[in-house]
Amino acid sequence: MTAVFKDINKFRSKISDAKGSIGFVPSLGALHEGHISLIKKSLTDNDFTVVSLFLNPTQFNDKNDLKNYPNTFDKDLKILEELKVDYLLAPEPNSIYPDDYTYKVTESKLSNILCGATRPGHFTGVLTIVAKLLNIVNADKAYFGKKDYQQYLLIDNMAKALFMKTEIVPCPIIREPSGLALSSRNLLLTENEKLIAPNLHKVISGDSTIKEMYSQLTDLGFKVDYIEEHWGRRFVAAFLGNVRLIDNVQI
Ligand code: PAF
């Protein structure tokens, strides 16, 4: 049975009694096979696994995006119970932001490119909430998917820069058989958009030039935010209707 904690102090006193290694998987909720793969890795690697479900408002630069984000708490809890996750931390916004978001963790280099260039404040919101959660959970290892590769790098660098105890573990991107990277946002795609979406991965995995990839995606109905190459990987962000999808591949 998964023990559910909304109260941060009660969770902290419980987790401090845990005798053994602790693995942590933070999430915004709307769990899918991508999260499940992170949770399974944590369950295999550690004596205890903590999952957090917190729809973090500070990382949403677009209020509509936050409003539309799928909320599937009961379904998520059922998944965690089936997987035999030990602890679920689901704090209220006021309790995790007692400072009303006056204290922030910012990064001044890597966070300015890719998603950081088009989503102002997004990574400050992510780094601040992840720093809070890492402090609260005090895990040995925390697991992040490489679909959000820039996020993973920023969190890994933050943990090292701030001498945090938790090791940040990158995990493979989980894809549908069509190639579409799993994302909670896929739930927001219409039936027709679902048929088009796998082309995002297909196009960036090809050997066209970046300019040609822009045109191919635009012709398919995507509104491309960026296609760029960094750290031996090719990154894409593009809107399909109102849904912003991201992906990356090794080159
Ligand atoms: O990747 C996510 O789901 C979120 O950005 C995270 C890391 C849980 C922080 O809210």
What residue among Glu193, Lys194, Arg185 forms side chain to side chain contact (heavy atoms under 4.5 Å, CB included) with Leu240?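 Among the candidates, only Glu193 passes.
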
Examine distances only and state if a side-chain atom of [X] and a backbone atom of [Y] form a donor-acceptor pair shorter than 3.5 Å.
X      : Y      : answer
Glu92  : Lys6   : no
Thr128 : Val105 : yes
Ser37  : Gly34  : yes
Asp100 : Thr102 : no
Asn46  : Phe48  : no
Gln150 : Ile113 : yes
Glu107 : Ser111 : yes
Asn56  : Leu28  : no
Ser95  : Pro91  : no

Would you sort out whether Asp156 and Lys160 count as a salt bridge (Lys or Arg N to Asp or Glu O under 4.0 Å), showing the intermediate values? CA-CA 6 Å; Asp156 190 38; Lys160 289 177 178 138; 2.9 Å; yes

How long is the span from the [atom1] atom in [X] to the [atom2] atom in [Y], to the nearest 0.5 Å?
X      : Y      : atom1 : atom2 : answer
Leu127 : Gln151 : CG    : CD    : 8.5 Å
Leu114 : Ile227 : CG    : CD1   : 12.0 Å
Thr190 : Ile196 : OG1   : CD1   : 7.0 Å
Asp99  : Lys104 : CG    : NZ    : 9.5 Å

Given side chains that start at C-beta, do those of [X] and [Y] come closer than 4.5 Å, heavy atoms only?
X      : Y      : answer
Ile22  : Val50  : yes
Phe222 : Asn199 : yes
Glu81  : Lys78  : no
Pro93  : Phe54  : yes

Dump the intermediate steps for side chain to side chain contact (heavy atoms under 4.5 Å, CB included) on Lys141 and Lys41, then the final yes or no. CA-CA 10 Å; Lys141 293 182 178 179; Lys41 174 132 182 69; over 6 Å; no

Do you know the tightest heavy-atom contact between [X] and [Y]?
X      : Y      : answer
Gly29  : Ser184 : O-OG, 3.6 Å
Ser208 : Met213 : O-CE, 3.3 Å
Ser42  : Thr49  : OG-OG1, 2.8 Å
Ala238 : Val224 : CB-CA, 4.0 Å
Tyr152 : Gly145 : CB-O, 4.4 Å
Ser52  : Pro26  : OG-CA, 3.2 Å

Pair Asp140-Ser21, side-chain donor/acceptor within less than 3.5 Å: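 The answer is no; no qualifying pair exists.
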
Within a 6.0 Å radius of atom CG on Asp207, are there more than 12 heavy atoms belonging to other residues, nucleotides or ligands?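 No, the 6.0 Å shell around CG holds no more than 12 heavy atoms from other groups.
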
Crowded around Asn135 CG? As in, over 12 foreign heavy atoms under 6.0 Å?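 Correct, the count exceeds 12.
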
Starting from the C-alpha separation in whole Å, work towards a yes-or-no answer on side chain to side chain contact (heavy atoms under 4.5 Å, CB included) for Thr218 and Ser215. CA-CA 5 Å; Thr218 307; Ser215 325; 5.6 Å; no

Connected via hydrophobic side-chain network under 4.5 Å: Leu162 and Leu154: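 Linked, Leu162 and Leu154 end up in one cluster.
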
Criterion side chain to side chain contact (heavy atoms under 4.5 Å, CB included) on Asn186 and Leu245, from CA distance to verdict: CA-CA 8 Å; Asn186 296 352; Leu245 299 172; 3.6 Å; yes

Out of the candidates Arg175, His201, Arg234, Lys147, only one should pair with Asp247 under the side-chain hydrogen bond (donor to acceptor under 3.5 Å, both in side chains) rule; please name it.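 Passing option: Arg175.
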
Do any pairs count as a ring-ring contact (aromatic ring centres under 6.0 Å, His included) and have a residue in residues 76-112, sequence neighbours left out, and if so which ones?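 Those involving residues 76-112 are Tyr97-Tyr101.
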
Could you name each residue pair satisfying ring-ring contact (aromatic ring centres under 6.0 Å, His included) that touches residues 226-251, not counting sequence neighbours?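 Listed once each, the pairs are Tyr149-Phe235, Trp231-Phe235.
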
If hydrophobic residues (ILVMFWY) are linked whenever their side-chain heavy atoms come closer than 4.5 Å, directly or via other members, who joins Leu77 in its cluster?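 So far as hydrophobic clustering goes, Leu77 is joined with Val4, Val25, Leu31, Ile36, Leu38, Ile39, Leu43, Val51, Leu53, Phe73, Ile79, Leu80, Leu83, Val85, Leu88, Tyr143, Val169.
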
Candidate pair Asp65 and Arg244, rule salt bridge (Lys or Arg N to Asp or Glu O under 4.0 Å), full reasoning: CA-CA 9 Å; Asp65 191 19; Arg244 188 174 184 275; over 6 Å; no

